[in-house]
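The structure presented is a predicted model; accordingly, all values stated were derived computationally and were not measured.
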Amino acid sequence: MKNGVEIEVESTPVIDLSRHGLVDAANSGDDDQEDVGLPGEWDNEKTEVYTDSDEEGNASLVDADGEQYPITTFPYVLGRGNECDYVLTGKGVSRKHAEIVFQSGRFVVSDLNSLNGIKVNGYKVSRVILEEGDTIKLGDVSLTFSYGGEAKPQASKSKSLFGKSKEAAPLDDTFGDAPSKKIMKGAIAAATFLVVVGVGWLGFQQFSDSQRVEEQIVSMPKQSQTSSPAAKQQPATQQAQPQVAAASVKSAPSAIGAPPPSIAMAPIKPLSAQPAIQEPVAPKPVYKAPAPKPKPKPTVNKAQQSAQRLLASADSEFLNGNAPQLLGKMTQLENNSRVSGATKSKIRAKHEQIAKLYALYEKGQRSFVAGDKQGAFVAWSSFLEKESKAYGKRKSVYADQVTARVVDEYVERGNSASKQGEYHKAYKLWQKALGVGESVAAKIAIDNANNKSRQLYRKALRLEYVNSNKAKELWGEVVNLVPPGTEYHTKASSKLAWYDRWGA
């Protein structure tokens, strides 16, 4: 299907396998649906794509990054399950979401009863024939169907008995040219030969005519002297002119670069018989419409474009550790008069956010170099907290540099509080260390506190009906060991509250 065009149902039937009980429920996108057995003679193995030609052009799917995934088996299953032919990772993708099959020479995509369905070129469908360039969307994953290869010329179509259009089979030139091509080549060769023969024959005829004219000119004076009585009365000078002309004609071939006989022996016409020379007539001027004036090219505001590009890449530049250069570019664009007011406002807001974060990082660095460990810890802790709020799980190069130091400081402070008997404070400091980064020491300390509180609580339960006072003491230790909100602090507090109200 194409965008904005309704789907035309072709005459080739597409069998809906799910209606005939041939689709396994395990192929559907519903993970909780039970499998339905297939007929015994059904072949569960997938059919690999087979092609008789050496041309490239097998079908494939192209993801958003331009990576191609060829369709090599049928049915070609797409989904997030590891058993799929193309494993997708994204929101809204079912375990077995859709499949692509090859039927009657066409590729068909079908929805496998997935939760969110599939969309082809923006339209939600359950089963449709794919065309070159169609976009298939499964959840938030977009794929482009490509059949590959160069476009082939469409063969002439003919109507069959039942109105189905058939493409005429191309001529087979495997064992040489087709008969029609051979006939055409023979006709062209014969026509060329006839043209050459005709030109040669015309040249020969022209040469023969020039020879006859020469013979007539040579024999003309003799005939006039014998048969014409008027020729005897003419002066001798006039009678000698033909002979002189004949002699000059005969002697012409001896000159350098003699012309061909058809020109040299042509009879000379008298001046009175020559047609009057006509002056060439000047051609009438042809009116040409004036060429349209080119439209002026719109002026490009390079400063505005630079500002928009900087806004789009500001976060990435900061996270990659280019904060000083980024802040300098922002300052220049804020003072540029060619940048629009709305863009300047966005740049100022982003500038203020990044400048505050980088200032906290710089403050911690200066305190650490000066030996002020407390000042560095406070600045870096605030920096990591604000960066986490601004960018979530994405961390900058600056955060990677100070995270280990902040985590170690939290662990050290927690250990010190634990030694002084401030168990709740120590527990919370260890939790902050784990919230900032990975810390094996903090994790071990928290696990030890949880295990000790569990042991004390269970020991108190065993003593509850033997020595309730001793049990209450143990529950009191649990409450002091772990802070509110933990599992055994809640249980021990409940026991103590019950005894305070109902206990003896």
Look at [X] together with [Y] and state whether they make a salt bridge at an N to O cut-off of under 4.0 Å.
X: Glu83; Y: Arg95; result: yes
X: Glu99; Y: Arg127; result: no
X: Glu409; Y: Arg413; result: yes
X: Arg366; Y: Asp372; result: no
X: Glu352; Y: Arg348; result: no
X: Lys459; Y: Glu477; result: no
X: Lys495; Y: Glu464; result: yes

Practice problem: For residues His489 and Ser493, determine if any side-chain heavy atom of one lies less than 4.5 Å from a side-chain heavy atom of the other. | Solution: yes
The criterion is ring-ring contact (aromatic ring centres under 6.0 Å, His included); which residues satisfy it with [X], sequence neighbours excluded?
X: Tyr488; value: Tyr457
X: Tyr398; value: Phe318, Tyr358, Tyr361
X: Trp380; value: Phe368

Quiz prompt | Closest approach of Gln353 to Ala390 (non-hydrogen atoms, all atoms of both residues) | solution =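 Reported closest heavy-atom pair: NE2-CB, 3.4 Å.
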Quiz prompt | Intermediate values then yes/no, side-chain contact (heavy atoms from CB on, under 4.5 Å), Leu61 and Tyr76 | solution = CA-CA 11 Å; Leu61 296 175; Tyr76 190 78; 3.9 Å; yes
Quiz item: CZ of Arg458 to CG of Leu463: how many Å apart, nearest 0.5 Å?
Solution: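 Output value for this atom pair is 14.5 Å.
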Quiz item: Ignoring hydrogens and geometry, is there a side-chain-to-backbone donor-acceptor pair from His424 to Val482 under 3.5 Å?
Solution: yes
Quiz item: Does any N or O in the side chain of Asp63 come within less than 3.5 Å of the main-chain N or O of Asp65, such that one atom is a donor and the other an acceptor?
Solution: yes
